Structure formats: C-alpha cells, structure tokens
Amino acid sequence: MSIQRKKRKSKKKTKVPSLEWNNIKGVKRERLILERKKKGLTQGELAKLLSVSTSTISHLENGRIKPSLEVESGLLEIFNVPFEKLFPDL
C-alpha cells in the first residue's frame, strides 16, 4: 500500500525593502555622490576625512544606511552645503 503525498508548493519569501529604505535611496544618494565627485574625492579619501570605513561611504551612497550625526556634520563641513540640500529627505 502506497501513501500518496501532496506536493507542497514552496513559498519563497521575497524581501521587500521598507519605505525608509526607498527614501534613503532617492535624492540623497545622488547628492552625496555628486558632491563627493565635485570635490574630486574617492570613497576611500572621503572615508579617511570622516574617520569611517570605505564601506560606510559605499553603504551611504547605496542607501543601505543612514549617516550618524557625526558623519552628517562632517559631510556638511566637507561639502560646504546647507543641510537641506545635502539631506533633502531627512
């Protein structure tokens, strides 16, 4: 006697980014990259100026993380732009 098993369809859970993630990736991401390139800095050079890792700058530019208060103020000082211009969506 054989037992028939029902095949279960595997439900793949797709990770949907939060709305917060989408907000970070917008204008701010483009502005950070633009301002860094205007100053002629690489991600590594900017990271050294801010005393953070290069991956931190990469994550900021890719919208994976929000800048800490120290990093925000450092970026504002380095780029010499108003807060609202550099961080329009905060």
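Numbers for residues simply follow the sequence, beginning at 1. The shown structure was predicted, so the numbers you read here are calculated from the model rather than taken from an experiment.
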*Report yes or no: do Leu75 and Ile65 belong to one cluster of Ile/Leu/Val/Met/Phe/Trp/Tyr joined by side chain heavy-atom distances under 4.5 Å?*
yes
*Is there a path from Leu34 to Phe83 through hydrophobic residues (I, L, V, M, F, W, Y) whose side chains come within less than 4.5 Å of each other?*
no
_Non-neighbouring partners of Lys38 that pass salt bridge (charged side-chain N to carboxylate O under 4.0 Å, His left out), sequence neighbours left out_ =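 Here the qualifying residues are Glu35.
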*Which salt bridge (charged side-chain N to carboxylate O under 4.0 Å, His left out) pairs, counting each pair once, include a residue from residues 52-63, with sequence neighbours left out?*
Arg36-Glu61
*Atom CD of Glu45 with >12 non-hydrogen neighbours under 6.0 angstrom*: yes
*How long is the gap from OG on Ser68 to CG on Leu60, to the nearest 0.5 Å?*
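One finds 8.5 Å between OG of Ser68 and CG of Leu60.
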*Mind checking the CG-CZ spacing from Leu41 to Phe79? Nearest 0.5 Å is all I need.*
6.5 Å
Cut-off 3.5 Å, no hydrogens considered: what does the side-chain donor-acceptor table look like for residues 49-57, sequence neighbours left out?
from: Ser53; atom 1: OG; to: Ser55; atom 2: OG; distance (Å): 3.0
from: Ser53; atom 1: OG; to: Thr56; atom 2: N; distance (Å): 3.2
from: Ser53; atom 1: OG; to: Thr56; atom 2: OG1; distance (Å): 2.9

*What is the minimum heavy-atom distance between Val81 and Leu76, and which atoms define it?*
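Heavy-atom minimum between the residues: O-CD2, 3.5 Å.
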